[in-house]
Asker: 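One structure coming up, written as structure tokens, with questions to follow.
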Protein chains: 2
Amino acid sequence: MVKITDVARRAGVSPSTVSYALSGKRPISDATRLRVQAAVRELGYRADGGGRGPAGRRSKVLALAVPMRSGVHVPVVTQFAVSVVTAARAHDHDVLLLTQGEGEDGLARVADTGLADAVIVMDVQLHDPRLPLLRSRSLPSVLIGVPAEPDGLTCVDLDFRAAGELCVDHLARLGHRAVALVGSPPEVYVRRTAFARRLVEGFTGAADRHRLTSAVHPCGTGREAARAIAGRLVRELPSLTGVVVHNEPLVDPLIDAFEELGLSIPGDLSLTAVCPAPVAASARVPVTSVAVPSAELGTRAVHLLVRKLAGAPVPGATLLPPRLTERASTAPRGA
Amino acid sequence: MVKITDVARRAGVSPSTVSYALSGKRPISDATRLRVQAAVRELGYRADGGGRGPAGRRSKVLALAVPMRSGVHVPVVTQFAVSVVTAARAHDHDVLLLTQGEGEDGLARVADTGLADAVIVMDVQLHDPRLPLLRSRSLPSVLIGVPAEPDGLTCVDLDFRAAGELCVDHLARLGHRAVALVGSPPEVYVRRTAFARRLVEGFTGAADRHRLTSAVHPCGTGREAARAIAGRLVRELPSLTGVVVHNEPLVDPLIDAFEELGLSIPGDLSLTAVCPAPVAASARVPVTSVAVPSAELGTRAVHLLVRKLAGAPVPGATLLPPRLTERASTAPRGA
DNA sequence: AAGCGCTTCGAAACCGCTTTCTGCATCCCC
DNA sequence: GGGGATGCAGAAAGCGGTTTCGAAGCGCTT
């Protein structure tokens with residue numbers, strides 16, 4: 001750690017001169033100021049907050065509580081984390097990584113020790129056990145995901161309910177009359193993960209509104225799970241022609257599974273996904289999808305947090321409107 | 001932040017009494033001590049290092065410099081990061097996430113500000129530009145990966161050279177006389193990423209020693225890349241019967257691609273992979289593999305770092321011996 | 001009632017580092 | 001060559017906390 005005395009020695013002046021040269025609170029001759037600035041640059045000096053009082057009370061660190069629970073799609077979470085770090089750096093903050101497994105303790109520790117100035121909380125559940133902590137402590141926070149009762153909390157998310165509706169609307173407009181949602185793994189719903197539940201609500205609501213026959217099935221990942229769910233759907237809902245997938249790693253296997261059953265996409269079956277754009281675009285059959293903009297969510301979360309730290313007012317909930325991109329996997333019924 | 005005076009008020013004693021009750025440096029009556037301890041628990045008090053001097057000079061934070069460069073396999077990196085966080089927590093440390101994109105600046109900042117006590121550096125290249133920084137500053141570090149000149153640095157990695165040899169030995173023992181290495185994406189080699197280069201050396205060396213015909217090809221990811229490389233290998237090396245893959249996301253597509261060419265695995269072609277065990281085990285044809293133990297590497301790195309911080313001597317390089325697990329993808333030639 | 005431990009208190013010390021204050025050289029100009 | 005700027009060094013203050021020191025209260029024994 002290079003300190004002010006190091007800079008002073010390097011510049012051939014006293015520490016106080018360095019301080020004044022940097023703060024400008026007293027006039028310092030140009031020659032000296034330039035020498036000091038050069039020394040600062042050469043040594044990479046950064047004032048240490050530990051100095052006189054509340055000047056550096058802020059640690060310039062944001063904590064990121066990521067879940068890594070079973071059923072979450074790792075690349076999505078990772079991209080999110082990376083975008084948070086990048087955005088945080090752009091605001092001169094660093095990011096402390098908290099993982100589940102500590103549960104609420106991690107948050108409590110951060111709040112108590114002042115290790116971080118604020119927290120971003122991911123994988124929010126409808127009735128998240130971490131919420132009381134976030135409400136009671138003065139630690140500023142932003143949630144990724146909207147819990148059942150978001151009052152007083154700052155939340156960002158894709159509007160998953162609207163995303164579910166949008167997919168169904170799209171299929172209905174194409175003439176499909178029987179649709180199914182192939183969801184995330186069961187444990188995700190058991191945990192009452194907010195975004196998954198909301199998508200189901202949107203899907204079901206829109207299907208009812210359009211008077212479609214509909215079914216909702218959570219589904220694990222992997223080839224076998226895909227075969228099983230495809231077979232079951234075809235058996236239980238013979239009129240099925242529209243499917244919405246909300247399960248990133250299942251997109252490709254599901255396409256394979258339906259084709260193995262003799263159903264061509266989009267000839268016999270239209271497929272829509274809610275997933276990051278790259279996943280949809282690089283599937284064997286490019287899939288019409290509503291994008292999950294993990295990177296944008298991360299950036300937004302950081303912006304909100306920074307504004308909060310600056311004392312600016314922020315909206316309670318930011319729901320990004322879903323956008324559907326048509327690709328090769330959807331077509332009018334019977335086309 | 002709850003401080004010692006809060007605890008004192010809660011317990012109805014003076015701050016000094018709390019200090020003594022916690023440190024035991026003076027006798028405190030049982031009754032008082034218990035009350036203090038209760039107050040500590042209720043308020044979640046943690047001594048603030050900012051107090052009297054070097055006692056808390058340590059920030060109890062480790063920095064983790066993860067790459068997120070193109071060509072790295074995200075789940076592997078993520079699992080690694082998670083294991084680092086878990087291990088760090090077990091040693092009462094937190095983890096600060098640095099990503100590439102800042103390049104060396106992140107490390108410099110951490111070193112200069114004392115934000116973290118130590119660093120774990122991932123994705124090490126043979127001539128890594130970060131090495132001078134790590135050598136010059138007094139910031140303790142552990143590298144994941146072994147650079148060309150590791151003197152004075154602490155490194156951990158799977159012994160990728162031995163892993164390459166092991167795969168070839170295995171194929172040779174099964175009677176295969178022409179083998180190919182399908183490697184990571186080209187940019188990984190262009191960067192001179194240490195582990196990738198070492199694996200190639202091991203592969204080539206062993207192939208020469210066994211007097212096998214051999215070929216090495218970097219390869220991108222995705223179905224198309226797999227088809228292209230499979231076709232090319234079959235065309236250019238018609239006698240090919242053994243393949244080593246060092247490219248996680250390519251394992252499944254490559255199996256498909258070879259079978260599309262009419263080559264059955266392991267009937268016509270034996271396949272070995274160097275990848276995390278779950279990837280190999282859950283492929284369409286379970287693949288004989290040398291496991292990349294990301295979690296163990298993370299844990300080891302943290303242990304080494306903690307020992308370093310404690311002033312204990314640590315070995316310069318720790319190379320984990322590769323272990324090959326036979327699965328369904330390898331068989332004797334012509335069997 | 002004085003002496004003596006045992007506890008506990010209040011105030012001061014301390015920590016590393018920066019900032020601020022005071023005052024001493026210069027230098028310049030009349 | 002004296003007097004005011006000007007520019008800087010050195011010493012001290014200050015920060016937010018904890019730890020340490022000296023001493024005081026209090027109940028018991030002698």
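Quick note: numbers below take in every heavy atom, side chains included, and nothing from hydrogens, waters or symmetry partners. Numbers restart at 1 for each chain; the letters A, B, ... are given by sequence-line order, proteins then strands.
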Asker: Identify all side-chain donor-acceptor contacts of residues 303-319 of chain A below 3.5 Å with residues at least two apart in sequence or on another chain.
Answerer:
residue	atom	partner	partner atom	Å
His303(A)	NE2	His91(A)	NE2	3.3
Lys308(A)	NZ	Ser141(A)	O	2.8
Lys308(A)	NZ	Thr154(A)	OG1	2.8

Asker: Please list, chain by chain and in numerical order, all residues satisfying side-chain hydrogen bond (donor to acceptor under 3.5 Å, both in side chains) with Thr193(B), sequence neighbours excluded.
Answerer: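 Once residues adjacent in sequence are excluded, Thr193(B) has no partner under the side-chain hydrogen bond (donor to acceptor under 3.5 Å, both in side chains) criterion.
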Asker: List the atom pairs, donor and acceptor, that lie under 3.5 Å between side-chain atoms in residues 23-30 of chain B and the rest of the protein, sequence neighbours left out.
Answerer:
residue	atom	partner	partner atom	Å
Ser23(B)	OG	Ser19(B)	O	3.1
Ser23(B)	OG	Lys25(B)	N	3.2
Ser29(B)	OG	Thr32(B)	N	3.3
Ser29(B)	OG	Thr32(B)	OG1	2.8
Asp30(B)	OD1	Arg33(B)	NH2	2.5

Asker: Using a strict heavy-atom distance below 4.0 Å, which residues from residues 21-43 of chain B are in contact with DNA chain D?
Answerer: Lys25(B), Arg26(B)
Asker: Please give me every residue in residues 6-20 of chain B whose heavy atoms get under 4.0 Å of an atom in DNA chain C, ordered by residue number.
Answerer: Gly12(B), Val13(B), Ser14(B), Ser16(B), Thr17(B)
Asker: Which pairs, with at least one residue in residues 119-147 of chain A and sequence neighbours excluded, count as a ring pair (Phe, Tyr, Trp, His ring centres under 6.0 Å)?
Answerer: none
Asker: Quick one about Thr78(A) and Thr78(B) (side-chain donor to acceptor, distance below 3.5 Å, no hydrogens or angles considered), yes or no?
Answerer: yes
Asker: Return a table of donor-acceptor pairs under 3.5 angstrom between the side chains of residues 5-12 of chain A and protein atoms on other chains or two or more places apart.
Answerer:
residue	atom	partner	partner atom	Å
Asp6(A)	OD1	Arg9(A)	NH2	3.4
Asp6(A)	OD2	Lys3(A)	N	2.9
Arg10(A)	NE	Glu42(A)	OE1	2.7
Arg10(A)	NH2	Glu42(A)	OE1	2.4

Asker: My understanding is that only residues two or more places apart in sequence, or in another chain, count here; which of them pass side-chain hydrogen bond (donor to acceptor under 3.5 Å, both in side chains) with Glu296(A)?
Answerer: Arg300(A)
Asker: Which side chain to side chain donor-acceptor pair (under 3.5 Å) pairs, counting each pair once, include a residue from residues 64-74 of chain B, with sequence neighbours left out?
Answerer: Arg69(B)-Asp123(B), Ser70(B)-Glu187(B)
Asker: Taking salt bridge (charged side-chain N to carboxylate O under 4.0 Å, His left out) as the test, write out the residues that go with Asp94(B), two or more places apart.
Answerer: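 With neighbours one apart ignored, the set is Arg109(A), Arg89(B).
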Asker: On the nucleotide dT18(D), are OP1 or OP2 found under 4.0 Å from the side-chain N or O atoms that Tyr45(B) carries?
Answerer: yes
Asker: Applying side chain to side chain contact (heavy atoms under 4.5 Å, CB included), can you list everything that pairs with Pro129(B), at least two apart in sequence or on another chain?
Answerer: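 In terms of side chain to side chain contact (heavy atoms under 4.5 Å, CB included), with neighbours along the sequence ignored, Pro129(B) is linked to Glu104(B), Gln125(B).
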Asker: Mind calculating the distance between NZ (Lys3(A)) and C1' (dG16(C)) to the nearest angstrom?
Answerer: 7 Å
Asker: Describe, as an angle rounded to 10 degrees, how the axis at the first end of the helix from dA1(C)-dT30(D) to dC30(C)-dG1(D) is tilted relative to the axis at the last end, five pairs per end.
Answerer: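 Taking the rotation axis at each end, their angle is 70°.
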